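Taking it in order: structure first as structure tokens, then the write-up.
All of these numbers come straight from a predicted model, not from anything done at the bench.
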Amino acid sequence: VCDKLTYLGPLYTTPALITAVHDAGFSTMRLPVTWGTMIDDANGYAINEAWLSRVQDVADYAVRHDMYVIINIHHDGAEQTGWLRVAAEGEQFEEVKAKFAAVWEQIAVRFRDYDEHVIFECMNEVTGDDGSDAGIKRDFRHIEELNQIFVDTVRATGGNNAKRWLMVVPRYTNIVNVLNESYGFTMPKDSCEPARLMLS
């Protein structure tokens with residue numbers, strides 16, 4: 001049985017495992033996190049403390065080796081299967097935005113004293129269920145709104161988050177759609193000067 005509070009993926013993540021990854025020549029580790037059931041909707045979207053601490057522990061394994069760590073919201077919204085539904089409308093999308101901001105505020109506060117070795121990536125492969133031009137454009141507008149909430153929320157927590165590198169996303173991380181001028185993708189505004197934003 002997989003203990004969700006200690007396993008991140010199919011293997012138990014230990015300091016020795018991350019040391020082996022580092023020694024194999026890797027300088028960056030992406031830490032994909034599913035926050036879903038670890039968020040208490042009835043308690044201000046509070047993240048389970050043990051879960052957040054476990055994420056920090058695994059990040060620390062890499063940072064101790066001078067590795068970069070990319071922490072994200074990973075499986076919570078891909079293909080509309082989780083709470084991070086970019087195709088939601090009206091009040092449902094307002095709830096998505098509120099929860100998204102609350103989750104990122106907690107992650108950002110936990111890591112705000114870390115240096116540039118910690119990078120935040122706002123989401124992973126989010127997409128709606130309508131592949132028409134109209135559906136793609138709607139998804140882009142919602143994703144752009146979430147990207148801006150992410151940047152503003154992280155920056156507002158202060159510390160090193162005021163200048164941390166942040167990764168934002170397009171629809172389904174699809175570069176073809178990003179470069180399609182008819183969809184009009186735009187990057188969020190950044191209070192950091194010069195901006196420290198990357199596109200995933």
**Heavy-atom check, side chain of Phe111 versus side chain of Phe120, under 4.5 Å** = yes
_Chi angles and distances behind the side chain to side chain donor-acceptor pair (under 3.5 Å) call for His75, Asn124_ = CA-CA 7 Å; His75 300 102; Asn124 179 71; over 6 Å; no
Applying side-chain hydrogen bond (donor to acceptor under 3.5 Å, both in side chains) to Tyr61 and not counting sequence neighbours gives Arg54
#### Entry: From CA spacing to verdict: side-chain contact (heavy atoms from CB on, under 4.5 Å), Tyr114, Ile119
CA-CA 10 Å; Tyr114 285 67; Ile119 297 165; over 6 Å; no
> Just checking, any donor-acceptor pair under 3.5 angstrom between side chains of Asp152 and Gln148?
Replying inline: yes
Here the gap from Thr157 atom OG1 to Asn161 atom CG, rounded to the nearest 0.5 Å, amounts to 3.5 Å
Rounded to the nearest 0.5 Å, the CZ atom of Phe26 sits from the CD1 atom of Ile18 at a distance of 11.0 Å
- Message: Check whether Trp104 reaches the backbone of Cys122 with its side chain - one donor and one acceptor, N or O, closer than 3.5 Å.
- Response: yes
Could you check Phe185 against Lys137 for side-chain contact (heavy atoms from CB on, under 4.5 Å), going step by step and ending with a plain yes or no?
CA-CA 9 Å; Phe185 175 73; Lys137 287 176 181 177; over 6 Å; no
Quick one: do Glu144 and Arg171 make a salt bridge, cutoff under 4.0 Å? no
So CG of Asp66 and NE2 of His117: to nearest 0.5 Å the spacing works out to 3.5 Å
To the nearest 0.5 Å, atom CG of Asp41 lies from atom NZ of Lys99 at 3.5 Å
- Task: Give a yes or no on whether a salt bridge exists between Lys163 and Glu116, defined as a side-chain N under 4.0 angstrom from a carboxylate O.
- Result: no
### Query
Do the side chain of Asn43 and the main chain of Ala46 share a donor and acceptor less than 3.5 angstrom apart?
no
- Would you call the rings of Phe150 and Phe100 parallel, tilted or perpendicular if under 30° counts as parallel and over 60° as perpendicular? tilted
task = Could you check whether the rings of Trp51 and Trp35 sit parallel, tilted or perpendicular, using 30° and 60° as the cut-offs?
result = perpendicular
Any luck finding a side-chain donor-acceptor pair between Glu105 and Tyr45 under 3.5 Å? no
Applied to residues 180-200, the salt bridge (Lys or Arg N to Asp or Glu O under 4.0 Å) test, sequence neighbours excluded, yields Arg155-Asp190
- Message: Could you check whether Tyr172 and Asp139, counting side-chain N and O atoms only, form a donor-acceptor pair closer than 3.5 Å?
- Response: no
